[in-house]
Amino acid sequence: MAPTIRSPFRRTLALMASAAILAHAGMNGVAYAQAAPQTITPGVTTPAPATPETTAPAPTPPAAAAPETAAPAPQQAAPIQAVVPNSGPASVADLAEGLLDAVVNISTSQNVKDDEGAGPAPRAPDGSPFQEFFNDFFNKQQGNKGGNHNVSSLGSGFVIDPAGYIVTNNHVIEGADDIEINFANGSKLKAKLIGTDTKTDLSVLKVEPKTPLKSVKFGDSSTMRIGDWVMAIGNPFGFGGSVTVGIISGRGRNINAGPYDNFIQTDAAINKGNSGGPLFNMKGEVIGINTAIISPSGGSIGIGFSVPSELASGVVDQLREYGETRRGWLGVRIQPVTDDIADSLGLDTAKGALVAGVIKGGPVDDGSIKAGDVILKFDGKTVSEMRDLPRVVAESTVGKEVDVVVLRDGKEQTVKVKLGRLEDSDQAAASNDAAPDGSQDDGVITPEPGENNDMDQPDTGDQAQPAPDTPDQHKGQVSPDAATPKNVLGLSLSLLSAETRKAFGIAESVDGVVVTEVTPGSASAEKGLKPGDVIVEVAQEFMKSPDAVAAKVQALKQEGRRNAQLMIASANGDLRFVAVPME
């Protein structure tokens, strides 16, 4: 019986060995053909090395000779050269090894009352077998209200000075009662907050080490390009010292996180706990601070954002030196330059920031910059779109004299401006020229996002509602313009008088031509104009009467302009620019 059992086993081994030999021979043939294609003639098998007897030309054609020479070819072939596959990008092990000690884990704790933010206790469904247990548990919890407990969180940071200065995100340590730094060697130190900036979500901490710490330095993020390799080190989900690698996926991203958004986008894995950690270039320099991710699940989907070092380094220096930020201030209100506005101003493309107003007592209240100017360059830096200006102004030194290139009356002009210091929102709110949303702490004053839509509503409640009665109210006026309102661009216009001021609640400081009616469906209506608005300027020319508005619009049409740029004042004096099509 034993031979009966072993015999099939031996046959199986033999068959397997034969298959392996055949497979190996087949693979050898393919590998050889790939490794040395230059020795093979199409349709002819490579012959064995020639001998004196076989050097004479064979009388048979190559096709006929092929069968005779095909057999010895495998035995006579040159040694096979293995095809080595691509091993992927170069290792970053050496780079990571030299940086891990400078990246720290940050744990915070906050003492919170148990009843803070507590809502009604949940209830189990009636008739549930767990109803009694469920209700007893939550009733006991409700009865213990009034105590305190600690809430802990984890984040990342990195050492920028051997003396113990550490950079992280503001949201990592915000509201913390206790901050502890965990180092790669297992040591722990208590940290104190040196300064924080909520607008860029950056904070600087300080520890007192017994020996100098391993530190890293900032690089220049402005030199980084889309596609460059980057490496992130952090504390995702509490796994400290985690290293991930990716590329820069985008630059200049605006995710509406703050007034100075200019994020680097990367596909290097960033998760919860990576916040505040560094994003390195391949030189080991910090070119970004990991801050945010886009994720429906809370985990990385390859869309992470980092504060660029070109923005962060200046903020960090100020926080270290002053414990606060000291930003430049221009003192203007701005709005986007839309395609229609660009056309009305004679610009070839929509670019720059349109000045909608100047703050009284601000750095440019001397007339160096005027409402209606388009700021194209600031201190040598191009202002491609509105949101570029707040950032470059804020990054500038307080008291510095800078050159500002503006478009005024269709011509570029360079004016010199001495920057003020951007104060807290309390001081800005004290200005009579405050923006409708009260936000003046951006270095410039910006409207809410959108093409004028959020600025079109005056702060006068329902004061614009008397508009239907205004024609009867104006019939008794002496002015012929008021008695017979002009209709221009779908707008009924009248002189601004005491009666119209009272009817629409228009402030005494507002001058121009009042809009009494707006034709439904007209271009002006689509742009958000409404009764009670005041046309202050048309194409940067002050308007004194409805006739002046009609004449200026006609002149613009004759010049071939497609849009008329109107400076509009709301009832309380807030200014904005609207480009109304003239077709």
Answer yes when Lys381 and Asp388 have at least one side-chain N-carboxylate O distance shorter than 4.0 Å, and no when they do not. no
Thinking salt bridges, do Asp161 and Lys217 make one under a 4.0 Å N-O criterion? no
Take Val398 and Leu419 through the side-chain contact (heavy atoms from CB on, under 4.5 Å) test and state the conclusion after the steps. CA-CA 6 Å; Val398 176; Leu419 296 179; over 6 Å; no
With sequence neighbours excluded, what pairs up with Asp101 under the salt bridge (charged side-chain N to carboxylate O under 4.0 Å, His left out) test? none
What are the two closest non-hydrogen atoms of [X] and [Y], and how far apart are they?
X	Y	result
Pro336	Ile341	O-CD1, 4.0 Å
Gly528	Asp533	O-OD2, 4.2 Å
Val364	Gly331	CG2-O, 3.9 Å
Gly276	Asn169	N-OD1, 2.8 Å
Ala579	Ser344	CB-OG, 4.2 Å
Leu354	Gly372	CD1-O, 3.6 Å

Would you say [X] has more than 12 foreign heavy atoms packed within less than 6.0 Å of its [atom1]?
X	atom1	answer
Lys190	NZ	yes
Lys370	NZ	no
Asp94	CG	no
Phe237	CZ	yes
Lys206	NZ	yes

Got a donor-acceptor contact below 3.5 angstrom from the [X] side chain to the [Y] backbone?
X	Y	value
Thr108	Ile179	no
Ser300	Gly302	yes
Lys214	Gly98	yes
Ser309	Ser221	yes
Ser570	Asp574	yes
Asp366	Ser368	yes
Ser275	Val172	no
Asn170	Thr196	no

Do the side chains of [Y] and [X] get nearer than 4.5 Å, heavy atoms only?
X	Y	result
Val515	Lys530	no
Ile303	Ser295	no
Gln335	Arg576	yes
Val243	Ile233	yes
Lys527	Pro581	yes
Val404	Ile375	yes
Gln565	Glu537	no
Ile181	Lys188	no

Under the 6.0 Å and 45° cation-pi test, does Arg320 pair with Tyr165? yes
Between Asp220 and Thr223, is any side-chain donor less than 3.5 angstrom from a side-chain acceptor? no
Going by atom types only, do Arg326 and Gln318 share a side-chain donor-acceptor pair under 3.5 Å? no
Measuring from atom [atom1] of [X] to atom [atom2] of [Y], what distance do you get when rounded to the nearest 0.5 angstrom?
X	Y	atom1	atom2	answer
Arg225	Ile248	CZ	CD1	10.0 Å
Phe280	Leu99	CZ	CG	4.5 Å
Leu202	Thr168	CG	OG1	9.0 Å
Leu205	Ile166	CG	CD1	6.0 Å
Ile247	Asp228	CD1	CG	9.0 Å
Ile369	Leu330	CD1	CG	4.5 Å

Check the pair Ile568 / Phe577 against side-chain contact (heavy atoms from CB on, under 4.5 Å), numbers first and verdict last. CA-CA 6 Å; Ile568 304 297; Phe577 287 88; over 6 Å; no
Any chance you could lay out the salt bridge (Lys or Arg N to Asp or Glu O under 4.0 Å) test for Arg387 and Asp261, step after step, and finish with the verdict? CA-CA 8 Å; Arg387 70 185 185 92; Asp261 280 15; over 6 Å; no
Show the atom names and distances, to 0.1 Å, of all donor-acceptor pairs under 3.5 Å that link a side chain in residues 281-288 to residues at least two apart or in another chain.
| unit_1 | atom_1 | unit_2 | atom_2 | d |
| --- | --- | --- | --- | --- |
| Asn281 | OD1 | Lys283 | N | 3.0 |
| Asn281 | OD1 | Gly284 | N | 3.2 |
| Asn281 | OD1 | Glu285 | N | 2.9 |
| Asn281 | ND2 | Glu285 | OE1 | 3.0 |

Candidate pair Glu310 and Arg251, rule salt bridge (Lys or Arg N to Asp or Glu O under 4.0 Å), full reasoning: CA-CA 12 Å; Glu310 58 187 303; Arg251 290 178 51 88; 3.5 Å; yes
With side chain to side chain donor-acceptor pair (under 3.5 Å) as the test, pick out the partner of Ser306 among Asn274, Asn290, Thr266, Thr291. Asn290
Dump the intermediate steps for side-chain contact (heavy atoms from CB on, under 4.5 Å) on Phe305 and Gln265, then the final yes or no. CA-CA 5 Å; Phe305 300 98; Gln265 180 186 335; 4.0 Å; yes
Run the salt bridge (Lys or Arg N to Asp or Glu O under 4.0 Å) check on Lys192 and Glu180 step by step: do they pass? CA-CA 9 Å; Lys192 66 177 181 179; Glu180 188 173 64; over 6 Å; no
Start with the C-alpha gap between Asp365 and Lys360, add the side-chain angles, then the distance that decides, and say whether salt bridge (Lys or Arg N to Asp or Glu O under 4.0 Å) holds. CA-CA 6 Å; Asp365 192 26; Lys360 290 181 180 179; over 6 Å; no
For Thr414 and Asp403: C-alpha separation, side-chain torsions, deciding distance, then whether side chain to side chain donor-acceptor pair (under 3.5 Å) applies. CA-CA 6 Å; Thr414 301; Asp403 289 334; over 6 Å; no
Ile160 and Val316: side-chain contact (heavy atoms from CB on, under 4.5 Å), yes or no, with the steps? CA-CA 10 Å; Ile160 59 169; Val316 169; 3.6 Å; yes
Start with the C-alpha gap between Asp340 and Thr338, add the side-chain angles, then the distance that decides, and say whether side chain to side chain donor-acceptor pair (under 3.5 Å) holds. CA-CA 5 Å; Asp340 289 343; Thr338 63; 5.3 Å; no
